[in-house]
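Some notes on the structure that comes next.
Every chain is numbered from 1, with letters handed out A, B, ... down the list of sequences.
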Number of protein chains: 2
Amino acid sequence: MLNNKWLHTFYVLVEVGHFTKTAEKLFMTQPGVSQHISKLEAQLDVALINRIGKSFELTEAGKTLYDFIKLQKQQEQTLKNSIKEDSEYKGMCSLGCSGAVATLIYPHLLSRQAQYLDLSIHLQADSNQGIIDKITKNKIDLGVVSQQLPSTELHFEKIANESFCLILPASYKDKQVSFSELLRLGFINHPDGHQYAERLLTANFKGEFKSITQFKQSGFVNQLNQILLPVAFGLGFTVLPEFAVKQFNEPNKLFTLPLAHPISDDLYLVHKANKELPQRYNWLRLNIGKFLAVS
Amino acid sequence: MLNNKWLHTFYVLVEVGHFTKTAEKLFMTQPGVSQHISKLEAQLDVALINRIGKSFELTEAGKTLYDFIKLQKQQEQTLKNSIKEDSEYKGMCSLGCSGAVATLIYPHLLSRQAQYLDLSIHLQADSNQGIIDKITKNKIDLGVVSQQLPSTELHFEKIANESFCLILPASYKDKQVSFSELLRLGFINHPDGHQYAERLLTANFKGEFKSITQFKQSGFVNQLNQILLPVAFGLGFTVLPEFAVKQFNEPNKLFTLPLAHPISDDLYLVHKANKELPQRYNWLRLNIGKFLAVS
DNA sequence: CTATAACCATAACAAAACTTTATCATAAAA
DNA sequence: TTTTATGATAAAGTTTTGTTATGGTTATAG
């Protein structure tokens with residue numbers, strides 16, 4: 001740890017080229033300057049100046065140190081200018097959410113970044129638990145999750161509701177779909193597939209449905225935008241949030257089963273309760289809900 | 001000037017997340033840590049942490065400061081590693097010399113740089129006085145000049161000798177060239193032209209030559225490698241250092257007048273007497289003379 | 001060429017800054 | 001609720017830092 005005061009004295013000495021005048025400039029006495037330089041040299045174990053009579057020359061190490069101090073001073077100035085700054089349009093916003101939410105909101109984030117070039121938004125798709133962990137560990141500041149935990153450390157705010165849909169190939173349109181039909185068709189799985197399916201099937205096929213393991217697994221894809229492809233091909237059914245279905249580009253190849261007991265999850269914005277989010281998060285907090293609202 | 005010790009305490013506190021444990025780690029007591037943080041906050045006039053019961057959260061300013069300290073620590077480490085280093089093959093060499101010398105040695109410097117990529121050589125063409133000034137003001141470390149000054153501050157070392165040549169168009173080859181012939185032909189001027197010409201003509205045309213103003217000026221070029229073009233075209237004569245002539249690519253179009261009284265300048269390597277040059281200058285000091293020796 | 005003034009280094013002392021001890025208030029844990 | 005742990009604050013003690021006093025050396029003036 002280099003003593004900043006000594007560094008400053010050395011810096012001024014180099015610019016002034018004179019111990020006594022340096023002392024005057026720093027409102028101290030000449031021996032103080034001498035001592036600062038000696039101490040610096042002792043600490044770095046290298047000669048900073050070459051004393052020639054009453055004058056001196058910078059050594060190579062001295063020049064190196066001088067340049068270093070100059071740089072540090074600039075950086076410190078930059079810090080002092082920026083540390084109190086809190087702009088809506090500058091800085092990094094870190095956000096975590098599910099893959100489905102990510103694909104839905106990412107275009108909006110990009111257009112915002114395009115508009116405010118000093119703004120950078122880091123979007124990270126993750127599981128609920130992963131998001132909570134990252135917020136707790138200060139890896140990200142804001143999250144969108146589908147469950148509200150009873151934590152005093154975290155602040156939750158409901159922003160949207162995602163309905164789950166049971167998606168079938170279009171050939172089932174206007175038909176009566178029985179549970180055995182589903183069994184025959186088979187399930188297309190994806191990362192949150194089992195969880196979604198269990199909830200939806202339990203509510204809507206009471207008695208018949210016991211466990212997702214009843215179904216033959218007709219496929220698994222881990223890319224959100226490809227989950228619906230096998231369904232469109234007639235290879236199976238799946239359960240997804242409504243807005244993940246909306247963005248599929250061949251909706252006429254799909255059929256969304258009308259449900260007697262609709263199932264949905266609330267979505268919450270999460271951040272640390274005791275950490276006030278900077279201004280640049282305002283827009284996100286205000287608008288994410290809109291982006292997720294299914295028209 | 002931010003106190004480095006306080007910064008370090010804050011840095012450790014952020015990593016540890018605990019005042020008491022931070023104190024232990026820093027071999028100090030807990031109140032010390034509290035005070036360091038308070039002082040930093042007072043100095044920067046901004047809250048760095050948000051105290052929540054006995055725990056705390058970093059504020060935005062705190063995060064900014066933490067990142068700043070992290071960077072500074074890295075830089076300080078880099079400094080400590082490099083400040084004692086003195087390699088032959090690393091760092092910046094700054095050199096000043098005349099345009100003639102520059103064109104002669106520049107290819108050698110480039111090939112050296114190509115061999116040692118961490119070496120950077122800054123070559124600056126300038127007048128003798130300009131070079132001396134720059135060395136005195138520490139803008140450059142080394143110079144090649146054609147006069148030795150009686151300065152105690154500077155160290156001169158003779159490294160080469162540049163002969164001056166009177167250059168005529170090839171058509172004068174093997175002819176007796178009289179002074180009136182020169183007057184008729186006219187003088188091609190260049191930055192150091194008058195100085196060179198006065199010295200050479202005074203010595204070799206005693207009685208006849210009075211001043212360079214006797215000559216009609218047939219041209220002026222300020223690019224070294226183009227000075228000899230008008231001479232080759234038969235448009236005039238000029239006076240140049242021998243090694244500036246050697247590099248002209250159509251020597252058969254030129255004729256160098258044999259002189260009764262050869263004129264030459266000694267060339268000196270200059271640097272500050274009290275400033276030991278780093279190792280990376282060794283090669284330059286050793287070899288510049290060779291590059292300037294006319295074979 | 002000596003005398004004088006300017007300059008930097010060193011040592012001893014004074015002042016300031018810092019660290020610790022002591023104590024209190026509050027929060028987490030039992 | 002009681003106990004234990006944690007951090008803040010104030011006052012005392014310690015260390016560090018800066019100043020005064022002094023001396024040696026180098027430049028400048030007479």
Side chain proximity check, [X] to [Y], heavy atoms < 4.5 angstrom:
| X | Y | value |
| --- | --- | --- |
| Lys158(A) | Leu267(A) | no |
| Leu269(B) | Arg285(B) | yes |
| Leu40(A) | Leu65(A) | yes |
| Lys39(A) | Asn3(A) | no |

Separation of [N] [atom2] from [X] [atom1] (nearest whole Å):
| X | N | atom1 | atom2 | value |
| --- | --- | --- | --- | --- |
| Ile52(B) | dG7(D) | CD1 | C1' | 13 Å |
| Glu41(B) | dG7(D) | CD | P | 14 Å |
| Glu24(A) | dT19(D) | CD | P | 13 Å |

Could you check whether [X] pairs with [Y] (Lys NZ or Arg NE/NH1/NH2 to Asp/Glu carboxylate O, under 4.0 Å)?
| X | Y | result |
| --- | --- | --- |
| Glu15(A) | Lys70(A) | no |
| Lys272(A) | Asp141(A) | no |
| Arg51(B) | Glu41(B) | yes |
| Lys139(A) | Asp133(A) | no |

Item to complete: Measure from NZ or CZ of Lys73(B) to the centre of the six-membered ring of Tyr11(B) and say whether it is under 6.0 Å with the direction within 45° of the ring axis.
Response: yes
When the rotation axes relating C1' atoms of four end pairs to the next four are compared across the helix from dC1(C)-dG30(D) to dA30(C)-dT1(D), five pairs an end, they differ to 10° by 20°
Protein-nucleic acid N or O pairs under 3.5 Å, nucleotides 3-9 of chain C:
{"from": "dC7(C)", "atom 1": "OP1", "to": "His18(A)", "atom 2": "NE2", "distance (Å)": "3.4"}
{"from": "dC8(C)", "atom 1": "OP1", "to": "Phe19(A)", "atom 2": "N", "distance (Å)": "3.1"}
{"from": "dC8(C)", "atom 1": "OP2", "to": "Phe19(A)", "atom 2": "N", "distance (Å)": "3.4"}
{"from": "dC8(C)", "atom 1": "OP2", "to": "Thr20(A)", "atom 2": "N", "distance (Å)": "2.9"}
{"from": "dC8(C)", "atom 1": "OP2", "to": "Thr20(A)", "atom 2": "OG1", "distance (Å)": "2.7"}
{"from": "dA9(C)", "atom 1": "OP1", "to": "Arg51(A)", "atom 2": "NH1", "distance (Å)": "2.2"}
{"from": "dA9(C)", "atom 1": "OP2", "to": "Ser34(A)", "atom 2": "OG", "distance (Å)": "2.4"}
{"from": "dA9(C)", "atom 1": "N7", "to": "Gln30(A)", "atom 2": "NE2", "distance (Å)": "3.0"}
{"from": "dA9(C)", "atom 1": "N6", "to": "Gln30(A)", "atom 2": "OE1", "distance (Å)": "3.4"}

Quiz item: Using the ring of each side chain (for Trp, its six-membered ring), is Phe56(B) parallel, tilted or perpendicular to Phe19(B), with breaks at 30° and 60°?
Solution: perpendicular
Pairs under 3.5 Å (N/O, protein and nucleotides 16-19 of chain C):
{"from": "dC18(C)", "atom 1": "OP1", "to": "Asn3(B)", "atom 2": "ND2", "distance (Å)": "3.2"}
{"from": "dT19(C)", "atom 1": "OP1", "to": "His36(B)", "atom 2": "NE2", "distance (Å)": "3.4"}
{"from": "dT19(C)", "atom 1": "OP2", "to": "His36(B)", "atom 2": "NE2", "distance (Å)": "2.8"}

